[in-house]
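Here is the structure we will look at, set down as C-alpha cells.
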Amino acid sequence: MSKIPIILSFIFCSLTVQATPGGRCTEAFKAHYHEGQAQKSRVLWDVFRLGAGEMGGTVRRIINKKTKASELEKDYYTPDSLFNDVIALKILKELVGGDFRVKVLQPLKVIRDEKLHFPDVKGYALDKVPSEVLKERLTKEFKYWAHKVFDRAKLREDMETNMLGGNEFWMSYTVPEGKLADFHGMRVIDILLKPDNIIVDSQTHQMFLFDPY
C-alpha cells in the first residue's frame with residue numbers, strides 16, 4: 001500500500017481538527033491499520049509481530065512473498081492452550097448464532113499442535129482504535145453483543161459464567177466424561193470476552209474475534 005494517501009489523510013485530518021474546535025477526524029483510521037513490527041523473514045513469508053496473548057504466544061501477520069496473500073499466525077506455549085482456543089471458538093460460534101456484530105473467526109489450519117493460522121484482519125484491537133469516537137461506539141456494541149452471548153451461556157447446564165468487570169465476560173464449558181477423547185482429554189474450556197481480544201477492520205469497522213481468552 002502506498003504511504004502517500006496515508007500521509008495526505010493525516011495532513012487533512014490535522015487541518016480539519018484545527019479548523020473545527022473540538023472536532024474529530026477518523027479518515028486517518030480508515031486509511032491505515034496496525035502493521036506490526038517487522039521480524040526476520042522466512043523463506044516464503046514476510047513476518048510482522050503484532051502482539052502476544054495471555055494463553056498463547058506471539059501473534060504475527062505473515063505475508064506470502066510471491067502472492068502477497070496474508071494470514072494471522074498465533075503460536076502457543078502448550079498444546080492444551082491451543083486446543084482450548086480451537087474448542088472455545090467452536091463453542092462461541094454456537095452461542096453467537098446469527099448475530100454478526102462480532103464475527104468469530106475459525107482456524108484455517110493447525111500446525112503441529114503449536115500454531116494456528118487465521119484469516120487476516122487488517123486493523124486494530126478494539127481498545128487501541130485511534131478514533132475515540134469510533135472506539136466508544138464500537139465498545140458499546142461489543143458490550144451489547146457480549147452480554148447476549150453471556151446470557152445464552154448462562155442458560156446452558158454445561159457452562160459456568162462470571163462477570164469479571166464492566167467489559168470482561170468469563171465463561172467455562174465443562175466437557176462431559178464420555179467426550180473427553182473428542183476434546184483432547186481436556187475437562188474444562190475457558191472463554192474470556194474482552195475488548196483487547198477484538199480486532200476492528202480499518203476499512204469496514206467490522207469487529208472480529210480470533211483470541212477467545
Side-chain angles (χ1 to χ4, degrees), residues 1 6 9-10 13 17 24-37 48-62 70-76 81 84-86 88-108 116-153 161-171 190-213:
M1 177 187 295
I6 298 173
S9 180
F10 272 104
C13 181
V17 173
R24 296 179 185 274
C25 179
T26 61
E27 291 306 312
F29 173 63
K30 291 179 181 178
H32 194 47
Y33 60 91
H34 177 49
E35 294 177 333
Q37 181 181 6
F48 297 86
R49 184 185 185 278
L50 299 177
E54 292 182 16
M55 289 184 68
T58 303
V59 179
R60 303 176 179 88
R61 174 176 290 114
I62 57 174
S70 59
E71 297 177 359
L72 295 178
E73 176 188 82
K74 184 179 179 184
D75 60 29
Y76 288 81
S81 295
N84 186 95
D85 274 13
V86 171
L89 289 169
K90 290 181 180 178
I91 294 171
L92 275 175
K93 187 176 181 180
E94 293 176 7
L95 291 170
V96 168
D99 188 338
F100 298 118
R101 287 178 181 83
V102 179
K103 292 185 179 180
V104 180
L105 298 180
Q106 301 298 315
L108 295 171
L116 295 180
H117 280 209
F118 293 87
D120 190 12
V121 180
K122 294 182 172 66
Y124 288 86
L126 177 53
D127 63 330
K128 297 292 192 302
V129 169
S131 165
E132 290 297 325
V133 172
L134 181 62
K135 178 164 65 175
E136 182 178 354
R137 176 173 68 82
L138 292 180
T139 299
K140 289 180 180 178
E141 290 185 17
F142 160 76
K143 288 181 68 175
Y144 178 80
W145 173 85
H147 266 293
K148 288 184 66 176
V149 175
F150 188 78
D151 288 342
R152 290 169 185 166
T161 58
N162 188 21
M163 286 285 295
L164 301 182
N167 290 333
E168 295 192 0
F169 304 79
W170 176 83
M171 296 168 281
D190 289 309
I191 300 171
L192 182 60
L193 304 180
K194 54 182 182 175
D196 57 327
N197 284 355
I198 303 298
I199 303 178
V200 180
D201 185 289
S202 293
Q203 297 296 321
T204 66
H205 301 164
Q206 170 67 53
M207 291 184 282
F208 294 88
L209 183 151
F210 81 102
D211 185 356
Y213 194 84

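When a residue number appears, it is its place in the shown sequence, counting from 1.
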Can you give each donor-acceptor pair under 3.5 Å made by side-chain atoms of residues 138-147, sequence neighbours left out, with the distance rounded to 0.1 Å?
from, atom 1, to, atom 2, distance (Å)
Thr139, OG1, Lys135, O, 2.6
Glu141, OE2, Arg137, NH1, 3.0

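At a threshold of 4.0 Å, the pair Asp196-Lys128 does not count as salt-bridged, since none of the basic side-chain nitrogens sits closer than that to a carboxylate oxygen.
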From CA spacing to verdict: side-chain contact (heavy atoms from CB on, under 4.5 Å), Leu105, Ile199 | CA-CA 11 Å; Leu105 298 180; Ile199 303 178; over 6 Å; no
Apply side-chain contact (heavy atoms from CB on, under 4.5 Å) to the pair Thr58 and Arg60, showing each step before the final yes or no.
-> CA-CA 6 Å; Thr58 303; Arg60 303 176 179 88; 3.8 Å; yes
After noting the C-alpha distance and the side-chain angles of Val59 and Phe210, does the key distance pass the side-chain contact (heavy atoms from CB on, under 4.5 Å) rule?
-> CA-CA 11 Å; Val59 179; Phe210 81 102; 3.7 Å; yes
List the steps, then state whether side-chain contact (heavy atoms from CB on, under 4.5 Å) holds for Val102 with Val149.
-> CA-CA 11 Å; Val102 179; Val149 175; over 6 Å; no
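The side chain to side chain contact (heavy atoms under 4.5 Å, CB included) search around Asp151 returns Lys154, not counting sequence neighbours. Listed by chain and residue number, Arg156 satisfy the side chain to side chain contact (heavy atoms under 4.5 Å, CB included) test with Glu94 (two or more places apart in sequence, or in another chain). Listed by chain and residue number, Arg42, His117 satisfy the side chain to side chain donor-acceptor pair (under 3.5 Å) test with Glu73 (two or more places apart in sequence, or in another chain). Residues that satisfy the ring pair (Phe, Tyr, Trp, His ring centres under 6.0 Å) test with Phe208, not counting sequence neighbours, are absent from this structure. Looking at residues two or more places apart in sequence or on another chain, you find a side chain to side chain contact (heavy atoms under 4.5 Å, CB included) between Lys93 and Gln106. Partners of Asn197 under the side chain to side chain contact (heavy atoms under 4.5 Å, CB included) rule, at least two apart in sequence or in another chain, are Lys194, Asp211. Listed by chain and number, the residues in a salt bridge (charged side-chain N to carboxylate O under 4.0 Å, His left out) with Arg61 are Asp120 (sequence neighbours excluded).
With hydrogens and angles disregarded, a donor-acceptor distance shorter than 3.5 Å links the side chain of Asn84 to the backbone of Asp190.
Atom NZ of Lys148 has more than 12 heavy atoms from other residues, nucleotides or ligands within 6.0 Å.
For the pair Leu192/Tyr213, a side-chain contact is recorded, criterion being any heavy-atom separation below 4.5 Å from C-beta on. Under the 4.5 Å side-chain criterion, counting only non-hydrogen atoms from C-beta, His32 is not in contact with Pro130. The shortest distance between side-chain heavy atoms of Leu92 and Leu193 falls below 4.5 Å. Taking the side chain as every heavy atom from C-beta outward, Met171 and Ile91 never approach each other to under 4.5 Å.
Counting all heavy atoms, side chain and backbone alike, Tyr33 lies closest to Gly123 at CB-N, 3.5 Å. In terms of heavy-atom proximity, Pro195 sits nearest to Asn167 at CD-O, 3.3 Å. Here the closest heavy-atom approach between residue Glu35 and residue Phe48 is recorded as O-CB, 3.4 Å. Between Val86 and Pro107, the closest heavy-atom pair is CG2-CG, 4.3 Å. Residues Phe118 and Leu108 share a closest heavy-atom pair of C-CD1, 3.5 Å. Between Arg152 and Gly97, the shortest heavy-atom distance links the atoms NH1-N, 4.4 Å.
Exactly one of Ile198, Val121, Asp201 qualifies for a side-chain contact (heavy atoms from CB on, under 4.5 Å) with Met207. That residue is Ile198.
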